[in-house]
Each structure stands twice: as structure tokens, then as C-alpha cells.
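Step one of this worksheet: look at the structure below.
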Amino acid sequence: MISYIVRRVVMAAVIIYVVVTLSFFMVRLMPGNPMDYLESQLERQGNLTPQQVEEKVHAIYGLLPNEPVWKQYLQYMAQAAQGNLGTSLNDPGQTVVHIIAGALPWTIFSVGVALIVSFVIGIAVGTVMAAFQDRQLTKVATLFVSFISAIPNYLVAIVLIYLLADTYRVFPTGGAYAADVNPGANLPFIGSVLVHAIMPIASYSIVGFGGWALQMKGSAVSTLGSEYVRAAEARGLGARRITQTYVGRNSMLPQVTLLALSLGFMFGGSVFIETYFNYPGIGYQLINAVNSRDYSVMMGCFVLITVSVVISNLLVDLVYPLVDPRIVSPAGRRSRPGARAGAEEQNVPVGGTVA
Amino acid sequence: MSDLMRDFWRILRADKSALVGGIIVLIYLLTAIFGPVIFHLSNVQSAANAYLGPSVRHPLGTDFLGQDVATELILGARPIMEVGLMAATIITLIGVVIGLLCGYVGGLFDDTVMRVVDVALTIPGLPLIIVIAAIVHSSNPFVLAGILSVTGWAGLARAVRSQATSLRTMDFMAAARVQGLPLRNIVARQLLPNVGPYVAIHFLLGITGAIYAEVGLFLLGVAPISGTNWGIMINLAMSQGALLSSRSLIYLFAPMAAIVILQVAFVFFSRALDSLFNPRLRVQ
Amino acid sequence: MAPALVALKDLTVAFGDLHAVEGVSLEVGQGDIYAIVGESGCGKSTLAYSLLDLIPPPGRIIGGEVRVEGRSVVEMSRAELQRLRGPRVGMVFQAAMNSFNPVVTIGAQVGHMLEAHPEVFPGAGEGRAYFRQLLEMVRLPPDRVLRSFEHQLSGGMRQRVAIAFALLLRPSILVLDEPTTALDVLNQRLVLEALRELHATLGVTIIFVTHDLAVVAELAERVAVMYAGRLVESGTVDEIFARGRRHPYVAALISAIPSVLQPGLRVGPIAGQVPDLAELPPGCRFAPRCRLARAICREVEPPLIADGTGHSVACHVANEKAGLTPSGRAVR
């Protein structure tokens, strides 16, 4: 058990380290990298001495461009560890950390709620589909659900905007809350936040619930047919107990694995959804930074999105043994269904693992 | 091999949605290949003709520059599918090769590479793709395909490696080695038939994922706008106010529909492959 | 004869158009150790499941009766079935290793059983104490087993735990489907000894299904042999193994024992194969493979004829040789 926890934590730390290193690589070493770009831009301006150019670059990125690379790397890592990710290119008054710290809660809020919503709806739909698996309606429902999950989430966002914001003015077209509301723990603010969050959350969920539903249907069907359920019936266990502890708990297990995958996908998707709804989360800031060539903010957003995903995955991993005790011991791992090669991969999410 | 094809036809006939999906994919492929040969976009750009409604001359109306939407739609297929196919191929090749190597070689090599795979699986692909694309700032299809593949290969590598490992430790592998069967033979006869189905399905779904990400890149303007493709069409439509009038909506919705239809077709078609390779479903 | 505890009369079970069990009648008395023997696919497991109305769909009972303690199982309501399963009849599935919920401890699952049948052990903790006793009877350490998950126990241990589960609610009948098949020789021995001891101590009636004649010889008192869905011979274990009036299939099985001491009697010295239930031969189902087959065997299905001691055989040739007609009396 301890070794399981330790391994997961170490892995998370390693990935975060890799990501920060990766971002250094992109900032400094890739062809066309932003620091070189900035340097050449400043030099072309012509009115700065090389010394001043260096200082300007240093002010923004915290790195001295003429030092040997490995030294810059150490500087970068040291600063990152201290929570200094540089300042915004376009708005030198703001630190990157300040910008992304303001944005992160919105993304966590919308993505988090969307995850819960798609999870709940998906599980419910999937369970119903499994319970009535032989009916014609289920076949139609399966097709319909597959159809919906294949639609890219940004297209759903556009359609929602068209239908509900422009044409019928049901929901606001964007923003996290109305302009005339005071942020704070007051009811108008909270109400406004919720109303503004509905469309983004709907965009995530409409596309997202399908994966859960199909996965749940598959695992519920296989659990229903398994030996231990029949044995439980043979022992005269009540229907409620069987549904809850025998079918229910075992069907849910693959869902938790799916959770980790979905987290990454949804955080990635926030890039599109937040841009279209002008929702000031991390994804929005990332695209903003990209379009305005604000590389330091861009890197900060990237690192933060990835770190968020890594930490969420870690949390899921740590909670998982509570649901499935088998993962903690080697004998248990072998006895899990899908421990066989490829079996658990049968439900590849739409898009493989590209996004 | 031939009874594989026979079963495949049977499954397609039984599962109508898969059949329709396959046909649609084929149509798109043909459009992508032959479209630009047959159709050409006129060079005339006149704002006076902007957002004309559907007519005989312009079945889908015109865009904000007065150009024919239908032509743009057809021409827009090739760039999207090109990059999608290339990215999926890269992903599949890398994934299979790494998976086979790890599975067969095992040991420290296997352990280290698998750690790398875990990292690639955890890092969310899309933000990384966006950031790289923003820095590199190129519309070159090969470059785009490469960027899109940056994390997609990892899932396949893991699955292929599991198969390869389990086969490696089986007794008959030892027997085959003792008999001196060449590696090629073992790979072809034992590994590929087991792993093939998953690779094929992953390939198809990889195309959908690559198209999703690629269109997204063009949509957000992260990949520079050059030429015409569906993502660019939607991007320009949104920024040029296509939502505002009902005649211009077609310019916005046509490429969206094209994308959705293609993605759905791929997904349904891949279900036929899934049935084909699932022995329980296949043997009637 | 003592009144039958379990009585099957003309039972026919269908899976779609195929009859997995065809017109089987047998009786199990109180305290018997009764074996149902046959090859894979002969319908013996289906027979066992019918006792609890647990035939897996799409199987359905389409004819005949299944009576447990005099009451028809098929006519029972859901609530009555729940009272049957566990407290009256305990079942141990084939490969019982998989009959446990993988994410819940054994102890918790004991709790589930007790909560579903609170009438069996009124006092708190009585049920758990009895379970610990049962575990000891099957030679397992109670503390360890109760707090383990199923994957932490070996296959043989799980099989014995499954037997304890089946006996927890003090049923009068214990049904086991292939209790020793998935086990190594050592664990087989342990299970058989445990069953014998349980029978001696608790007086429980045991019905078990197997294809392993060696197990039958060791454990059973009465035997019923099935072939392709039909009952072909039944009697005491001595009568079955004796060289007298016998069904040719049984004779062939027994003579095959020394050389075929392994699961899966399909590949044996008996030429030919079990008939496909979708394409049954006319007349006796064993005729295509029988050395003694005559013209009548290929036309008329042999009736099951009992002699004076209750030993029944369904074979034209064997019964004629013994001078038995369907009325049970000697011809001459």
C-alpha cells in the first residue's frame, strides 16, 4: 500500500519536472523560440544597447540569454520552484503567476462541474442501457450516444451560442458573470456565475457523457453476467444488495480509470470552450496569450494546465484503492478483468489519445 | 486472410451504420483526392457578392468574400484529411514499433521506455500541441502532422507492449525460438494477429482525434491561415459575423456539418472493425 | 423408501430449440450423497441449476417438475425462492473461485448472506460464529479468511470457502457443480475429505455434478449417469460399477478409467463424439458409438427400466439380456 502511494507521488513529481523542463526547452531551445524572437525584435528596434536588450529579456523571462544553456536551465528551474514564472510580455506590470492564479479557479469550477454532470448522466444512461440491453430502444440509443460523442466539443459550443444566446437570448453570450454584479459572497453574484457557467458546462457535458454511458453499459453488462452475481443470487441475496454491492461497485471500477483520461481531455478542451464563451479560465488565457504572442503567459498556462491534470490524476489514483482494493497487491492486479492485454482498452475514447 | 474479408463483408451488411460509415469515409477520401483536380476556386473576391444565399450557381451560397462555399468545402477536404491521415500513421507506426520493442526486449529498456510512455499519457496533448504549434507557427502539413502526434502514440504503445510481453513469456515462444524461427515469423504469425485489431481501431480513432485537434488549431488561429480548409472556414465565419444573418449561416454550418459527418462516419465504421476482431461477435 | 427430498419428474429444459435436459426423472433421499455424472455438455450442470431455478438464460424449463422438499420450485414466487436459496439449498458453483465479489472482503460477504436471511440466526454474532466453525471444518484459518479479499486466497482455499458459504444458512441440501475439477490433486483430496466430514457431522444431503468417475467412486452413494441430455442409468455406486446389467456408455467409461485419469473424457477410447443436440440421431442417442447397437436401437429410444433394487438402465440390449420390460417384471 505504501509502495503504491509512493510510486504514484514520485511519478507525479517526475511528470511535473518533465513538463517544466519541456517548457524551458520550448522557451529557449526550439527553433523560433520566444526568447530568441524577443531578442531579435528588440535588437531590430535599434535604440537599445546589447546590454539593455539583455536586461529587458531578463526582466521578462528571468533568464540571461548569453549565459551557457545549462546555467539558464538551472535558473529557470529555480525560479519555477519559487513560483516565479516571469512577467507578461504585453503587460509588464502583471506577473504570469498572478494572471493564471486568477484564471485557474474558473477552469476548475467549469471543468469540475462538467465532469460531475457528464459522469452522473453517463452512468445513469449506461445503467439503463445495460438493464434493457435487448430492447430495440437500446440499440437506437447506443447509436445516438456514439453519434453525439463523435462531435467535436467546440462545434457544440458554436451551435449552443447560435441557438441559445444569439437567436433566443436565453443565456448570456459570454463572460464568467454579468458586468453589473459585484464579485463576492453575495447571491446576485453567485446566481450570475451559475447562469454564465451553464453553456460552457453544457458544451463539455453534451459531448462528454457519451463515453461514460457506453463504458458503463459495457461493464454493467459484463458484471451482470459474471459468476459472482449468479453465486450471490444462489445465496439468496436480495435484489437491492446485489445491485448495489455486487453489480454496482464492480461496474464502476473501469469508470474511475476513464476519469483520469477524461480529466486530461476536458482540461484540453477548455481551450476551445472558454475561448468561445469568453470564459476567463486558463484555456482562455492560453489562447489569448498565443494570439497576442505573449509567450511567457502562454508557457505559464501550459505548465499550469498540465500540473492541474497531473495532480487530479494523482488524487484519483490515491482514492482508487478505496474503491478497488485489488490494485494495491500484485496478485490482485493480475486478477482484475482487463489485466489482460488490451481488454480494458476496448473502449478507446473517441480520438484515441491524441488530445 | 480471405475469410477475414468474407466476415468483414458480412458484418458490414449486418451493421448498417457501419456500412454507411464506411461509404461516407470513402466518399470523403475520393473528394479529398480528386476534388482539387476537378474544382477550382475562382480568384475573384468581391465583397459585393458576400453571403449570397443558395442558388443554382452557388448551391451553398457564398462566403464573406463572395466566393463559392460549395467549392471551398470540397477543396477544404484535402488539407484536413491529409494531415489527419499522416498524423494517425505516425502515431500508429511509433506506437507499434515502441510497443513491440519494449515487449520483446523487456528488461531495463522496457522499464525506462514505459515510464516515458506514462509521462506522454498523462500530459494533456492538446495544450502541448497548441503551444508547440504557436511557437513553430507553420502550416506545412508534415510539420502539423508531426506536432499532432506528440502524445497520441503512447496509448497504442502501451497496449501493443502488453500483447508482446504476454506472448514473449508464453511457452510456445520459447519453443519457436528453440526451433530457430526467425523473429519476422514470430511477429507476423503470433503478434500481429493478436495486436492487429487494436492497432486498426486505434488508427481510425487516431484520425478522428487528429482531425479534432487540427481543426481546433485552425479554428483558434493557432495554425496560420493559408489556403482553405474547414477549420479556417469556421474561423473566418465566426470572426466575420456569419452568425448574424441567416444567409451567411451556411458558410458557418457547412464545414461544421462536413466535419461532424466525417467524425461520426469514422466512429461507426470502426465499430465494424471492433466486431470483426472480437471472436465472440464474429462467429455467428 | 424414505420420502424424496428432491424429486425431478420428466424434467425438460430447453435453450431455444435445443433440449439440454430431456425427460429426466430421479429422486434424492434424505442424507444421500448423490452424484450426477456425464461428459461436458450432457446437461448435468443444467440439471443441478434447475433445483434452484437458476438456469442461466436463455434456458427455460419447458416440461416436467422440480420438487424440493415436496414443493415445486418452478411455481415459487421470488420471495419463496429467496427463502429456498441459502437456508434450504446451498449451491457451490463450478470453479467457485469466481463466485466471490472481488472488491469486498469475505467477511463482508458473510454479512450480506446473514442480513438477507435474518431468521436463520436470531442472535447477534451467532451466524458469524457458525461460519467460523464451518471454516474450521474445512480446515481453513477463520480470522485470515474473513478479513481477506478473494484474490488473497488460493484457488483451493476459495473452493472450500465456497462450501462453507453454501452451508452457512444450515441448508438440508448441498449442491455442488464440479467441486474438484479446477483443483490440483492435493486440493481435491482436501475438498473430498471436507465433504465427507460435513456429511457425517451435519447430516446434509449432498448432490454433486462431475465428469470424474474417480471422485464418484470415492464419495458418492447413489449415481445418475447422463448422456446427451438423457438419463441413461441410475443406481447405487456399487450397482453402477458392477459388471452386471449396465448401459454400454457407463461400461465404456469405467473401463476407460485407468488410462484416462484426467478431466475431459471427451478424448477417450470411446470412438465417435457426443451428438450435436441440434442433430440428434433417431432412437438411442448413444447408438452411433455403441458396439452393441442393433436395429431397434436406431429406431426407438430406450425407456428407463428399473429392476427390483431401483437400479435403472435405459438400453434395449442390456434390458433384454436381463429380461426386463418397461413394466419392470421379468418376461419369463
Are the side chains of [X] and [Y] in touch, meaning some heavy atoms are under 4.5 Å apart?
X	Y	result
Leu143(A)	Lys16(B)	no
Ile234(B)	Ile158(A)	yes
Val131(B)	Met299(A)	yes
Leu155(A)	Gln263(B)	no
Val159(A)	Phe253(B)	yes
Tyr154(A)	Val215(B)	yes
Leu126(B)	Phe267(A)	no

Could you pull out the closest heavy-atom pair between Gly268(A) and Pro127(B), with the gap in Å? CA-CD, 3.9 Å
Looking at every heavy atom in both Val260(B) and Pro152(A), which two are closest together, and how far apart are they? CG2-CD, 4.3 Å
Part of [X] within contact of chain A (heavy atom distance under 4.5 Å):
X	answer
Phe266(B)	neither
Ile123(B)	both
Ile261(B)	neither
Val150(B)	neither

Dump the intermediate steps for side chain to side chain contact (heavy atoms under 4.5 Å, CB included) on Leu252(B) and Tyr162(A), then the final yes or no. CA-CA 11 Å; Leu252(B) 175 64; Tyr162(A) 171 68; 6.0 Å; no
Quick one: pull up CG in Leu263(A) and OG1 in Thr122(B) and give me the separation to the nearest 0.5 Å. 11.0 Å
Return the OG1 to CZ distance between Thr142(A) and Arg271(B), rounded to the nearest 0.5 Å. 7.0 Å
In a check of side-chain contact (heavy atoms from CB on, under 4.5 Å) between Pro124(B) and each of Val310(A), Val309(A), Val271(A), which one passes? Val309(A)
Contact winner vs chain A - [options], heavy-atom pairs under 4.5 Å:
options	result
Ile259(B), Leu220(B), Ile130(B)	Leu220(B)
Ser17(B), Ala134(B), Ala87(B), Gly216(B)	Gly216(B)
Asp118(B), Leu148(B), Ile129(B)	Asp118(B)
Leu219(B), Val222(B), Val160(B)	Leu219(B)

Pick one of side chain, backbone, both or neither for Thr306(A), based on which atoms fall under 4.5 Å of a heavy atom in chain B. both
Please check if the side chain of Tyr212(B) supplies one atom and the backbone of Ala150(A) the other of a donor-acceptor pair under 3.5 Å. no
Sorted by number, residues from residues 9-18 of chain A in contact with chain B (heavy atoms, under 4.5 Å): Met11(A), Ile15(A), Val18(A)
